[in-house]
2 protein chains.
Amino acid sequence: MTVQLAISPASRSFAPWTETTIDEDGLSAGPALRYEQDREIYGEGEDADCYYKVVSGVVRTCKFLSDGRRQIDAFHVAGDVFGIETGGLHSLSAEAVSDCRIVAYRRVPLDKAGTQSVSPRLLAQVLRNLSRAQDHAVLLGRRSAIEKVAAFLLDWARQSCASGTIGLAMTRQDIGDYLGLTIETVSRTLSQLERDGVIELPSVRQIRVTNVEALNDLNG
Amino acid sequence: MTVQLAISPASRSFAPWTETTIDEDGLSAGPALRYEQDREIYGEGEDADCYYKVVSGVVRTCKFLSDGRRQIDAFHVAGDVFGIETGGLHSLSAEAVSDCRIVAYRRVPLDKAGTQSVSPRLLAQVLRNLSRAQDHAVLLGRRSAIEKVAAFLLDWARQSCASGTIGLAMTRQDIGDYLGLTIETVSRTLSQLERDGVIELPSVRQIRVTNVEALNDLNG
DNA sequence: CGTCCAGTTGACTCACCTCAAACGTGGTGG
DNA sequence: CCACCACGTTTGAGGTGAGTCAACTGGACG
């Protein structure tokens, strides 16, 4: 199983909850693992003996309901840390949205870590994820479809942008499952924004924002 | 301003990001601050020089959109920690849902904490909040009104229950803003659950669950 | 040139929202 | 003790934003 393989490079990091092998860009922490598009990195319920940092590419973390409905928690890009969990098990699953490189760090479950202290950098990463999750909740609970899409575009432009045109790594389905919408609604909303002269859609996976103010207005 | 007053008892805790004055129940960490119902504990954008732990009562943390729409992030009960933020400012506001007692702990912003390490207990609390936020996102993005209400009831029964009857600390408006619904939909859904024999509503703020399985089924 | 699959578009439906009125309960004052 | 008010809640009637189902489009690839 690839996951076994995935863990091995991290074993050089022995201290629990430390980042001794992580440096600012994460590149020298050991060889990056490669995951090709749509590969699962870990599944809901699997042992959470590692956490991860994205080196390149995009990763989605998500949850599933028993009937298959999916909610994407976040898209992670270079520098983002994901997979840090309370218990010994991952409560989300993680998948490669695009081909990507990822560094794994071995961890010890919190309940076995005793009084060993934690790097503030790690805490900062967790707090960043928490803050994103809180913003996401407002979006999911209180915004209309067009506001959701506008917020997503602004957010993604900031994260990924080679300014001018946004390159989408993900499908409409991914966007829908991130925003709590169906693909049809995502598609229709993008078309409407195009008709309104707010964006252009040179190709399916490329979006050019021609009127940022309009998006900012929609963002409240 | 009451917030100034609120901070003082925490000043006995000097080390940044430590919990030396916190013990398991949080009661001996210093005198608890009292907040009466609907008092603001801190506002969005205020300096986050303290974080907090609930001793008794219920606290809500929430965000507002510019037009007044509100999303409640979480209800916090005895033992829960809230108000730990990435930057120097609170990104949510916190208010007393019921009269409550709260302990404040002074903190130092992460960016000034340097390499000082962090208690794993604090990290565990943050991870708990993160996990709750992730569950909340699935609820907001992918569940129907009746599923939302069922999930809320089960959740709240677990947190607050003197088994048998659930005592609600919050209004329908609070529940709606937590679940991403209007008060009318919350009310109608509760009425429907009552008609279906799943719950009883002896009074507005009391709910007796008569059929837990039905709720669990709705919860997926 | 045909197949496949992601995306788009259209027609229709429905879950939830909006607006409005009625209800109930707790508090206040006569 | 009762009349009245305030406010949170419930209920009803009607509207609508987003979902559903289905047909169509357009690149990518063999």
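Any value given below was found using the heavy atoms of this structure, including those in side chains, with hydrogens, waters and symmetry copies removed. Sequence lines set the chain letters: A, B, ... in the order given, protein chains first and strands last, and positions in each chain run from 1.
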Original post:
With a non-hydrogen cut-off below 4.0 angstrom, is A/Ser144 in contact with a base, only sugar-phosphate, or nothing?
Top reply: sugar-phosphate
Subject >> Separation of atom CZ in B/Arg142 from atom P in D/dA18, rounded to whole Å >> reply: 13 Å
**OP:** Kindly assign one of parallel, tilted or perpendicular to the pair A/His90 and A/Tyr52, based on the angle between their ring planes and the thresholds 30° and 60°.
**Re:** tilted
**OP:** Rounded off to whole Å, could you give me the CD-to-P distance for the A/Gln206 and D/dA28 pair?
**Re:** 11 Å
Subject >> For the student: nearest non-hydrogen atoms of A/Phe75 and A/Asp80, plus distance >> reply: O-OD2, 4.1 Å
**OP:** Starting from C1' on D/dT11, measure out to CZ on B/Arg172 and report it in whole angstrom.
**Re:** 13 Å
Original post:
For C/dA6, does either OP1 or OP2 sit under 4.0 Å from a side-chain N or O belonging to A/Arg205?
Top reply: no
Subject >> Strand-adjacent residues in residues 176-196 of chain B, judged by heavy atoms under 4.0 Å from DNA chain D >> reply: B/Glu184, B/Ser187, B/Arg188, B/Ser191
Original post:
Can A/Thr165 and A/Arg208 be counted as having a side-chain donor-acceptor contact under 3.5 angstrom?
Top reply: yes
**OP:** Answer yes if the side chains of B/Ser93 and B/Glu44 hold a donor-acceptor pair under 3.5 Å, and no otherwise.
**Re:** no
**OP:** Find the distance B/Leu201:CG to C/dG24:P and express it as a whole number of Å.
**Re:** 14 Å
**OP:** Please say whether more than 12 non-hydrogen atoms of neighbouring residues, nucleotides or ligands are located less than 6.0 Å from CZ in A/Arg70.
**Re:** yes
Original post:
Rounded to the nearest Å, what distance is computed from the CD1 atom of residue B/Ile146 to the P atom of nucleotide C/dC17?
Top reply: 14 Å
**OP:** Could you check how far CZ of A/Arg143 sits from C1' of D/dG17, rounded to whole Å?
**Re:** 17 Å
**OP:** Using distance alone, with no hydrogens and no angle criterion, decide if A/Ser56 and A/Arg101 have a side-chain donor and acceptor under 3.5 Å apart.
**Re:** yes
